[in-house]
Amino acid sequence: MLSGIDLRMKQWDWDYFLSERRKVVGLWPTGKQIESPDSIAEAIAYHKAQPAWKYASLRNEKAEKEGRIQIVPQVGHALVEQTVDHIKHSEDLSPDRWYVLTDTYTRKSEYAKAQDAVDRSRAKGFSYLNGYPLVAHGVPGARAVNEATRAAIGTDNNDEDARLPWEFALAGGWTWGTIKSIEELIQHSRDYPVDKNIHNQQYIDRLAAHFTENGVPILRRASANLPGWDSLGFKVTVALLEVLLSAAQGVKWIDLSLGIGMNLLQDVAAIQVLRKLSREYLDQMGCNDVKIFSWTYFFLGDWPLERGQMSGQLAWNAAVSALAGCNGMFIKSPDEASTTPTAAGFREGLHICGQIVRLIADQRLPDSEDLSLERNMMELEVRSIMKRVLELGDGDFAIGGARAILSGALDTMFSPYKFLKSKVKVVRDRNGALRYLDHGLMPLPNEVIEYHRSRIAERERKENTTAGVNWIIREATWASRSLAEEIAARE
Amino acid sequence: MLSGIDLRMKQWDWDYFLSERRKVVGLWPTGKQIESPDSIAEAIAYHKAQPAWKYASLRNEKAEKEGRIQIVPQVGHALVEQTVDHIKHSEDLSPDRWYVLTDTYTRKSEYAKAQDAVDRSRAKGFSYLNGYPLVAHGVPGARAVNEATRAAIGTDNNDEDARLPWEFALAGGWTWGTIKSIEELIQHSRDYPVDKNIHNQQYIDRLAAHFTENGVPILRRASANLPGWDSLGFKVTVALLEVLLSAAQGVKWIDLSLGIGMNLLQDVAAIQVLRKLSREYLDQMGCNDVKIFSWTYFFLGDWPLERGQMSGQLAWNAAVSALAGCNGMFIKSPDEASTTPTAAGFREGLHICGQIVRLIADQRLPDSEDLSLERNMMELEVRSIMKRVLELGDGDFAIGGARAILSGALDTMFSPYKFLKSKVKVVRDRNGALRYLDHGLMPLPNEVIEYHRSRIAERERKENTTAGVNWIIREATWASRSLAEEIAARE
Amino acid sequence: MNSPESSMKQSGEVAAARPSGRQPVIVLGTIGHDAHIVGSSVLRFAFEEAGFRVVFLGAVVPPEEFISAAKESAADAILVSSMYGMGRIDCADFGDKCKEAGLGHVKLYLGGILVTDPEHWPETEALFKGYGFDRVYPPQTKAETAISDLKKDLGLSS
Amino acid sequence: MNSPESSMKQSGEVAAARPSGRQPVIVLGTIGHDAHIVGSSVLRFAFEEAGFRVVFLGAVVPPEEFISAAKESAADAILVSSMYGMGRIDCADFGDKCKEAGLGHVKLYLGGILVTDPEHWPETEALFKGYGFDRVYPPQTKAETAISDLKKDLGLSS
Ligand code: B12
Ligand code: B12
């Protein structure tokens, strides 16, 4: 659905931003803390007083120079104290950043409900929320979380309208956060207008760019946090579009992060293609000064309940990330399949992944024919979709992106979004790489379609079955099934 | 040291074997159970009544056909019941084999002390021994262990004289076990004669071959269970020699197992080189009918105490094994750094490694220039040492192998064996691959020496230090150091 | 397995009515703001295969929509999925709402990842049973379990 | 770090005597049938660097050899490593043997992986202290810890 607002991929006027901002800070009473026109300058001053290691952007640059791989755990509970305790529990393991997830009410702009859940959490002594209510706790809360650690704090609040939470994040000294201009609705929404969502993200980009212009290098993370069953080429395209949209607002530091699919070669290919094409498209836009970094986000699919299996899966995600030579990884914890992650859980996650990083160190997956074939196919795929997006947008990626989502040029299997075609079907091949069984209306070159088909056919021959929805359903629990039960069923 | 016995790489006369056997069964009272000349035929009959899945050899063949990677945990406590309980605890996870470690007294032929410790263990209710006393519990014990599981049971008893324990293993229906004709003294001995040790292993090979000739396909595992800090080329050479010595006695089923060094490329190269050269040398010997399988043995170096780090390291070892496409892996447990593995520990190890195998499935490290360079260098190294061994043995690998150990043609860093030169120094390069800093008296081609040097030089440049004993000492605890302490020291 | 050609998120075609008796009907979806649609999709296919008619509401479904869909379809059961941890709030009065809407006879099943903090399962189960659910399932319950329970509860098997 | 050119398993060269006072001497090795030599090798280099004279016996060392080496070298301390789990048996009368040999004044340290079954550390420590060791260390104790303890025990630092 489109709301029909005027959407273009060009930098907002600062005055337009400020006029929008006046509406945003009025969305909830804590907005008063930042409603004065001076509040932005005050926030910039707070940032400037922070040491270099509080900046995710500068950490990226330093780690890249040192060839060190960064590790980022996640956190987010209803109360500031709970969130701070969780962070402190792993401070000695020195994660590079903390990734603060906000709760669902804050994500859905239901700030009153979030406040109510905070009150109940305080009364009951546990967390009623699945994340940190950034708006409810306002600037003091955000600063308290920020000052609890040497790590760079960032936010993942990115549902339909994440403008107010982002105001608090930046006012609180947080130096980075996620972009979800294209993917957001596909992930979390039922019927929000897609142009409005992109517009909301432009607001955040513009704000981040303003900080950056004023000497505070804010980093935006193009996430492609899409489900682990999605095609990698699709994810790369989504991330690439998000990179361009942010850069157009003046954002200068961007993480290219990619949700792992768990086939080593395909994941490495995707990371390489995303980096190559991001650089190319950015340069073409004249954004040679935008700095990009490669990151992974651990598999967003089914995780096993059994702790040993879980450890194995965490380690494999870390190994793929390290062998890909990325700058960092957003990890998960052994609690992934059962609860909102605990402090102890993330400590264990940091140990598992930290050991993998230590052991792999400078080892990289060497280039090979197989890898280059995978990369070439994905590059063809992404270029072809990007071309269609541009056509759909009459030369503009913003409105083109919006229309691509609605027309099926960008499409995927599992989504709550009513206006997505959801005609695509993706299955795993015999190596676990993700392949289009049905590419729906996505404009893929024939060569790519054939390539995917041939890989599916290999598995069909090996297993002597026919690919279909039954594969998809089975693969939905492929990684999480209990090994013991699987063995019992086999025997 | 040499005892001067007549040692040749040719198959023993069965009569000679039987004359030796009369001495062996007299080494300890339980030997009475098998002293009758009919006992071998009776054991063969017991074996023949077993289903195919009790044979490690046939499991290998089946798994290779199915492209399935086997997983083998370890076990061994003072009492039969303890050992059986441990095995049963993971029966639902269906390991392919169990690897039964015997205790040190049994390994050292101190059967009286082993019996005493069994009595004390029974009295106190825990295990006084670091393994299963195969001789003390005799045939009934071995059969009870064997019948407790669907897995194929095998033994790792291989110290200086493992002849009597092996008699019980085979009489008990165990279908496989380790060869350590070359490496044994380097690993565990202070001053045993090297020719006698090889002679003892020939006894075992001859016995296994006899079973095989009579329709019971016993599998021998060429282990190269050498420390994780050793050169991979050295390990490959040791394993290759052991393969040839066993084949010469008539053994037909052999695992080529290799202790992982934890650099993916180097480990994969080593596995490939070992397989290629084993086939080549076996065929040259006319042993085209000897079947070989590739296996890994998890890193025999320092393991971390911290459980998360431990899980990560287990997973990485499993990942290397799976990416190498080997037929199976001998795993470790999260207890590795702290105690004799517990039943719960190995259950967790099976889960961690089983999940890795599931996720990696058919994924393999593709061939590449880097991999082929590593492989070529290693092949040059192994061929060159093998040539020297043959020269030293005047055309015979048995006596040549013995002399190679004494003359420094086969040499390594850390060994209790007094007569080993121990002039070699091995360090890790910047990728964690193992490189000769000093190759001592080993006959390496110049090209290989230069290759190793250049890789060391890369790390020297990167770290701005000079390679030396200080590197070796630091690397002795490289993998096991606490991440938290390491970070504290860095900051 | 029947493999509907429809998209993965809309309701599938009605499976052929079973020879004897009325085909049992379930309403299925993920409640509240919860966007997790994969688990419910798995359930949907499994229930269809087991002979149920499934009214699949997808994800991000307000409680009211479950109720109206159940009324319209004369459903035998409502299966609610809650994955994102806010079930404690989303489901608090679901049973009452159903009763008010005259759906007291409809079986109410709930599954997913119901709470945010690690909790002893019997406590979680009791909490949600208190909210009016007939059966409450821990994380990663298999579709088969719910199918066999529902057949029992509807008197379709013993 | 001094890097002896000797092989990794034989005893290193005597480090230059410290300017003031007699250079402290330790005897070091892995006891019984225990073949694990890496840990003791690490200790050896660290103690040499810290200014000790180290009589390094390697691995697979009978208790008697520790004692005779300590006598010969007039050692200040004997450091025993036991990794393979048989320490309970190998070390049972080590303290007594040392006393009998007139080495009652020599500090006895023990470290490694002392028991086969998981055990509460204080129990393990008490067990081996009962066997006559002055200090008993849990798995993966760092050389620095033992060096600083020994300096204290020998009155070389406070
Ligand atoms: C994939 C995923 C996502 C995807 C969803 C994509 C999509 N289109 O569905 C995306 C990225 C969008 C996402 C977003 C979020 N997620 Co999420 N997500 C997951 C993940 C990794 C897998 C879920 C999944 O699909 N599993 C595969 C399916 C087949 O299994 P299943 O859902 O468990 O369903 C099976 C059974 O449980 C059962 N079942 C399910 N429901 C019911 C109901 C009944 C009646 C019965 C009988 C059975 C039953 O049937 C299925 C078949 O066996 C889980 C963690 C995990 N479990 O591994 C987290 C997880 C569910 N997510 C979580 C959270 C917090 C979020 C976010 C708030 C934050 C974020 N991470 O961005 C947002 C929330 C969005 C929103 N508004 O809901 C948390 C919830 C924590 C909690 N309960 O306290 C989890 C547990 C991760 C974690 N530990 O932090 N997520
Ligand atoms: C490498 C290794 C081997 C190699 C040894 C090679 C060699 N030349 O030394 C080989 C393959 C030969 C081997 C053989 C065996 N091993 Co082994 N081995 C290991 C392993 C994996 C690493 C040990 C090591 O070298 N670590 C690195 C060094 C630097 O660390 P460290 O030894 O812990 O020493 C440090 C500290 O502990 C401390 N320290 C040590 N001693 C002392 C003493 C004092 C006074 C002080 C202050 C400090 C101190 O100083 C060091 C520096 O910090 C361990 C498991 C682990 N820990 O990860 C198993 C382990 C020690 N082995 C074990 C066993 C059972 C065996 C075998 C019986 C069976 C087998 N696996 O084949 C044989 C026994 C042989 C024999 N007769 O002793 C068990 C012992 C179980 C127990 N205690 O109950 C272990 C724990 C593995 C396990 N969990 O099963 N092993």
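Just so you know, these numbers use all the heavy atoms, side chains as well, and skip hydrogens, waters and symmetry mates. To find a chain, count down the sequence lines: A is the first, B the second, and so on, and within it residues start at 1. Note that the structure is predicted; figures quoted are calculated from it, not measured.
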Residue [X] versus chain B: region with a heavy atom under 4.5 Å:
X	answer
A:Gln309	both
A:Pro304	side chain
A:Leu371	neither

#### Entry: Check: A:Gln313 and B:Leu359 side chains under 4.5 Å, non-hydrogen atoms
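Result yes, sub-4.5 Å side-chain heavy-atom pair found.
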Tell me, out of [options], who's got the most heavy-atom pairs with chain B below 4.5 Å.
options	value
A:Asp367, A:Leu314, A:Ile356	A:Ile356
A:Asn263, A:Leu350, A:Asp370, A:Leu264	A:Asn263
A:Ala488, A:Gly67, A:Ala315, A:Ser311	A:Ser311
A:Arg490, A:Glu486, A:Arg347, A:Glu348	A:Glu486
A:Leu483, A:Asp92, A:Ile487	A:Leu483

### Task
Compare every heavy atom of B:Gln363 with every heavy atom of A:Trp316, then report the nearest pair and how far apart it is.
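Minimum heavy-atom contact is CZ2-OE1, 3.9 Å.
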### Query
For B:Glu369, does the CD atom have more than 12 heavy-atom neighbours from other residues, nucleotides or ligands under 6.0 Å away?
no
### Query
Is the count of non-hydrogen atoms from other residues, nucleotides or ligands lying under 6.0 Å from A:Arg474 atom CZ greater than 12?
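Check fails, neighbour count at 12 or below.
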[atom1] of [X] to [atom2] of [Y]: how many Å apart, nearest 0.5 Å?
X	Y	atom1	atom2	answer
A:Gln355	B:Ser480	CD	OG	8.5 Å
B:Arg307	A:Ile352	CZ	CD1	11.5 Å
A:Leu93	B:Ser482	CG	OG	8.0 Å

### chain A contact via B:Glu306 - side chain, backbone, both or neither, heavy atoms under 4.5 Å
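Contact with chain A is through the side chain of B:Glu306 alone.
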### Query
Hey, which of B:Arg430, B:Met262, B:Arg358 has the most heavy atom pairs under 4.5 Å with chain A?
B:Arg358
